[in-house]
Protein chains: 2
Amino acid sequence: MFDQIIETLHQRGFRMTPQRLLVLQILQDAGRHLTPQEIFGQTQRILPAMTEATVYRTLSFLTEQGFILAAHIGNGQLVYEIAGHNHHHLICRACGATQQIDHQFLESLYQQFRSKTGYQIDSLHVTFFGLCPDCQKN
Amino acid sequence: MFDQIIETLHQRGFRMTPQRLLVLQILQDAGRHLTPQEIFGQTQRILPAMTEATVYRTLSFLTEQGFILAAHIGNGQLVYEIAGHNHHHLICRACGATQQIDHQFLESLYQQFRSKTGYQIDSLHVTFFGLCPDCQKN
DNA sequence: CCTGCTATTGCAAGTAGTTACAATAATGAA
DNA sequence: TTCATTATTGTAACTACTTGCAATAGCAGG
């Protein structure tokens, strides 16, 4: 299932462990973004000995390696999901409604950004906050 | 100094306290964004009895009321600054270099965003992460 | 200038996330 | 398959931030 990831890890001098595999499987099965707490909760059914510290370290590690994506949501908490979906979120700060953002559209905006500032903006997974059309009527 | 803020607070049914005034003064004097820890440290010289809990509650409160702005920076920590500056940050995730972003430019981008999705993006204070020109040469 | 209402504070305990360190175990080589 | 190396884990203590609650103190009204 994650043979490609395992091979990439080894090439980079890192190891695959039951804990890392489990976190990947949980995120894969969920098919949506999860909080560290949700992930920790799920690990306990399979690997009861696994600790929260390991969950956090594993999530940081897998994010650095590019296998999963981290995104800020609402309160400032981080959520994680399997990389490769490449979609973005637009969250209404009033009602909480979320909408997916077209990747192509965002890319075109960032291209303008780059030509102006020289910076290449991270666009793997971005979350915007604003007011949705309904809530603008207040 | 903060007469306008005090009056607005009273109109909304809230109170001005030495603690809130102190936090406002610290942010005003600093002229840059500060972390909750930095702010707490400064309060101790003036109001030693003031607690961290009060600092955090005060920062949340003043942000809700629109008198100060909160921004995510680097690690996911929040920093705060007096509202009204209306500038934005662009942070290189590799070397940490920061650059100010022209508000007008950002507005024009968000205008495109709005016409596409209908959402009005929050733009009071935004922080972008990416790679600066130098670090792109890796 | 008092007085009462209640927003706000300090306190202390709780939650989320991080980190140093010694023990463990995944991997490459013999 | 066995062994040595060292990346990774669990433990426990620590930092950042939050929250319930009783005591305090702004401030509107008399």
Side-chain angles (χ1 to χ4, degrees), chain A residues 2-26 33-44 46-65 67-68 70-80, chain B residues 2-26 33-44 46-65 67-68 70-80:
Chain A
F2 296 109
D3 300 352
Q4 177 56 53
I5 290 181
I6 295 174
E7 190 178 333
T8 304
L9 274 189
H10 288 174
Q11 286 172 356
R12 296 179 187 172
F14 299 110
R15 300 171 183 173
M16 179 51 71
T17 65
Q19 291 87 345
R20 288 177 178 172
L21 208 48
L22 179 54
V23 167
L24 285 169
Q25 282 172 336
I26 287 171
H33 54 233
L34 298 174
T35 65
Q37 299 303 316
E38 290 173 317
I39 294 166
F40 173 68
Q42 299 227 24
T43 62
Q44 295 311 94
I46 315 289
L47 287 179
M50 190 167 174
T51 61
E52 287 179 278
T54 298
V55 170
Y56 286 110
R57 276 183 301 216
T58 300
L59 290 172
S60 300
F61 174 79
L62 293 175
T63 302
E64 276 171 21
Q65 298 301 316
F67 302 128
I68 67 180
H72 283 281
I73 187 169
N75 37 23
Q77 276 202 312
L78 282 178
V79 292
Y80 295 86
Chain B
F2 297 109
D3 300 353
Q4 178 55 52
I5 290 180
I6 295 174
E7 191 178 332
T8 304
L9 274 189
H10 290 173
Q11 286 171 356
R12 297 178 187 172
F14 300 111
R15 299 171 183 173
M16 180 50 71
T17 65
Q19 292 86 345
R20 287 176 179 173
L21 210 44
L22 179 54
V23 168
L24 285 170
Q25 283 172 335
I26 288 171
H33 54 234
L34 298 174
T35 64
Q37 298 304 317
E38 290 174 317
I39 294 165
F40 173 69
Q42 300 227 23
T43 63
Q44 295 311 95
I46 315 288
L47 286 179
M50 190 167 174
T51 60
E52 288 181 277
T54 298
V55 171
Y56 285 109
R57 275 183 301 217
T58 299
L59 291 171
S60 299
F61 174 78
L62 293 175
T63 302
E64 277 172 21
Q65 297 300 316
F67 302 129
I68 66 179
H72 285 281
I73 187 170
N75 38 23
Q77 276 202 313
L78 282 178
V79 293
Y80 295 86

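Just so we're on the same page: letters track the sequence lines, and every chain starts at 1.
- Side-chain contact between B:Gln19 and B:Leu47 is present, with heavy atoms from C-beta onward closer than 4.5 Å.
- Backbone-only engagement by B:Gln19 is indicated by non-hydrogen atom pairs under 4.0 Å involving sugar-phosphate atoms exclusively.
- Between B:Leu78 atom CG and C:dG17 atom C1' there is a gap of 15 Å when expressed in whole angstrom units.
- Using a 4.5 Å heavy-atom cutoff, the side chains of A:Leu24 and A:Met16 are in contact.
- Over its length, the helix from C:dC1-D:dG30 to C:dA30-D:dT1 turns its helix axis by 30°, as judged from the five terminal pairs at each end, rounded to 10°.
- A:Leu34 has its CG atom 16 Å from the P atom of C:dA16, to the nearest Å.
- Atom CD1 of B:Ile6 is separated from atom C1' of C:dA7 by 16 Å (rounded to the nearest Å).
- In the interface, the side chain of B:Arg57 is paired with the base of C:dG10 through a donor and an acceptor atom under 3.5 Å apart.
- For the pair B:Leu21 CG and D:dG26 P, the computed distance is 11 Å after rounding to whole Å.
- Among all heavy-atom pairs drawn from A:Gln44 and A:Met50, the shortest one is OE1-O, 3.1 Å.
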Restricting to nitrogen or oxygen on both sides, can you table the protein-nucleotides 28-30 of chain D pairs closer than 3.5 Å?
none

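- The shortest distance between the side-chain N/O atoms of A:Thr54 and the OP1/OP2 oxygens of D:dG10 is below 4.0 Å.
- In this structure, the CE atom of B:Met16 is 23 Å from the P atom of D:dT24, given to the nearest Å.
- Counting any heavy atom pair closer than 4.0 Å across all strands shown, A:Ala49 reaches sugar-phosphate atoms only and no base atom.
- Aromatic ring centres of A:Phe14 and A:Phe61 lie closer together than 6.0 Å.
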Step by step, work out the side chain to side chain contact (heavy atoms under 4.5 Å, CB included) result for A:Ile26 and A:Leu22.
-> CA-CA 6 Å; A:Ile26 287 171; A:Leu22 179 54; 3.9 Å; yes

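- In this structure the side chain of A:Leu62 reaches within 4.5 angstrom of the side chain of A:Val23, judged on heavy atoms.
- Two residues, B:Ala53 and A:Ala53, neighbour DNA chain C, and the one matched to the more 5' nucleotide by heavy-atom proximity is B:Ala53.
- Counting any heavy atom pair closer than 4.0 Å across all strands shown, B:Arg20 reaches sugar-phosphate atoms only and no base atom.
- Across the protein-nucleic acid pair, A:Arg12 atom CZ and D:dT6 atom P stand 21 Å apart, rounded to whole Å.
- Between A:Met50 atom CE and C:dG17 atom P the separation is 14 Å, expressed in whole Å.
- With sequence neighbours left out, B:Glu38 forms a salt bridge (Lys or Arg N to Asp or Glu O under 4.0 Å) with B:Arg32.
- In this structure, of C:dG17, D:dG10, D:dT19, it is C:dG17 that holds the atom nearest to the side chain of A:Gln37.
- If you check C:dA12, D:dC17, C:dT18 against the side chain of A:Tyr56, the one that comes closest is C:dT18.
- In this model, a side-chain donor or acceptor of B:Arg15 finds a partner on the base of C:dT6 within 3.5 Å.
- Of the candidate nucleotides D:dG10, D:dT8, C:dT9, D:dT8 has the atom lying nearest to any side-chain atom of A:Thr17.
- With contacts defined as side-chain heavy-atom distances shorter than 4.5 Å, the pair A:Thr35/A:Phe40 does not qualify.
- By the 4.5 Å heavy-atom criterion applied to side chains, A:Leu34 and A:Val79 are not counted as neighbours.
- One interatomic measurement links the two molecules: CD of A:Glu52 to P of D:dT8, which rounds to 21 Å at whole-angstrom precision.
- Using modelled atom types, one finds no donor on one side chain facing an acceptor on the other under 3.5 Å when comparing B:Thr63 with B:Ser60.
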